[in-house]
Amino acid sequence: MGTGFKGGTIKYHSIGQNVRITSNSYKYTNGYFGEKSPSTGSKTRNIVSSDSVSTATDFYNKIALGGTETVYNNGNMRITQMSDGSVITWRKISSSDGTPVVEINISNSSHTGGVKQQKIHFTEEVK
């Protein structure tokens, strides 16, 4: 029997509990992950890698650990509710630019751990 929590954890996590493990693997400054997108406001971020889908999935699995996940659109979208009320959304393809994206919505959060509301696009390295 499964626990029902993402990543096989035995208890419900808040996004604040997952900040440390995620920030150990990804640039994290003043509540934001990655780099500010040059064409938009500070809430839109970019993380560049050689495999954007794998990187987006790894990031999502870390930040959403211990939440309750619902899968949509044949696995191309996943939404995880965290214990504090924050919501993490992973989409394989963003409607705006075609890149994988993870959106962090903390508008109903009671324990953000300092994470700010943001949308992170995962782009391919230019070779």
Side-chain angles (χ1 to χ4, degrees):
M1 300 282 197
T3 63
F5 298 120
K6 183 160 180 54
T9 63
I10 59 171
K11 67 177 194 169
Y12 208 16
H13 285 207
S14 70
I15 193 170
Q17 291 173 289
N18 294 339
V19 172
R20 180 181 289 149
I21 189 170
T22 309
S23 64
N24 284 340
S25 300
Y26 296 94
K27 182 180 179 187
Y28 180 73
T29 307
N30 298 323
Y32 293 104
F33 290 97
E35 300 288 338
K36 180 183 172 293
S37 176
S39 60
T40 60
S42 63
K43 290 184 180 182
T44 303
R45 315 297 293 179
N46 291 330
I47 293 178
V48 178
S49 74
S50 61
D51 185 344
S52 59
V53 174
S54 289
T55 303
T57 302
D58 179 70
F59 179 91
Y60 168 73
N61 287 337
K62 285 178 171 64
I63 200 69
L65 181 70
T68 56
E69 180 181 75
T70 305
V71 179
Y72 298 95
N73 195 19
N74 296 320
N76 290 313
M77 183 169 85
R78 298 170 183 272
I79 299 176
T80 299
Q81 178 81 36
M82 305 305 291
S83 68
D84 61 292
S86 58
V87 178
I88 316 296
T89 303
W90 174 91
R91 288 181 286 142
K92 189 173 184 178
I93 300 172
S94 166
S95 58
S96 64
D97 66 2
T99 63
V101 66
V102 173
E103 195 164 347
I104 299 172
N105 183 335
I106 58 158
S107 60
N108 294 318
S109 178
S110 60
H111 181 249
T112 68
V115 174
K116 295 187 177 154
Q117 184 117 347
Q118 58 198 287
K119 183 186 288 188
I120 308 156
H121 290 264
F122 293 81
T123 59
E124 296 283 331
E125 291 175 332
V126 177
K127 296 180 182 182

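Note that the structure is a prediction, hence the values are computed from the model and not measured.
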For residues 72-80, which side-chain donor-acceptor pairs fall under 3.5 Å, sequence neighbours excluded?
from, atom 1, to, atom 2, distance (Å)
Asn76, ND2, Asn73, O, 3.1
Arg78, NH1, Glu69, OE1, 3.3
Thr80, OG1, Tyr60, OH, 2.5

Side-chain (Ser83) to main-chain (Ser14) donor-acceptor, under 3.5 angstrom
yes
Between Asn108 (side chain) and Gly85 (backbone), is there a donor-acceptor pair under 3.5 Å?
no
Is there a side-chain contact between Leu65 and Lys6 (heavy atoms, below 4.5 Å)?
no
Quick one: are Gln117 and Asn105 in side-chain contact, heavy atoms under 4.5 Å?
yes
With sequence neighbours left out, write down each residue that passes salt bridge (charged side-chain N to carboxylate O under 4.0 Å, His left out) with [X], or none if nothing qualifies.
X: Lys36; value: none
X: Asp97; value: none
X: Lys62; value: Asp58

Between Thr9 and Gly66, what is the shortest heavy-atom contact and its length?
OG1-CA, 3.2 Å
Could you see if [X] belongs to whatever hydrophobic cluster contains [Y]? Use Ile, Leu, Val, Met, Phe, Trp, Tyr and a side-chain cutoff under 4.5 Å.
X: Val102; Y: Ile47; result: yes
X: Ile63; Y: Val101; result: no
X: Val19; Y: Trp90; result: yes

Here the gap from Ile104 atom CD1 to Ile15 atom CD1, rounded to the nearest 0.5 Å, amounts to 4.5 Å
Approximate separation, where rounding is to 0.5 Å, of Asn61 CG and Ile21 CD1:
10.5 Å
Provide the full list of ring-ring contact (aromatic ring centres under 6.0 Å, His included) pairs with a residue in residues 14-48, sequence neighbours left out, each pair given once.
Tyr26-Phe59, Tyr28-Phe33, Phe33-Phe59
Test His121 against every option in Thr44, Asn46, Thr99 by the side chain to side chain donor-acceptor pair (under 3.5 Å) rule and name the one that passes.
Thr99
Among residues at least two apart in sequence or on other chains, which ones pass side chain to side chain donor-acceptor pair (under 3.5 Å) with [X]?
X: Ser96; answer: Ser94
X: Thr123; answer: none
X: Thr55; answer: Ser49
X: Arg91; answer: none

Tell me which pairs pass salt bridge (charged side-chain N to carboxylate O under 4.0 Å, His left out) where either residue lies in [range], with sequence neighbours left out.
range: residues 43-54; result: none
range: residues 15-31; result: Lys27-Glu35
range: residues 111-126; result: none

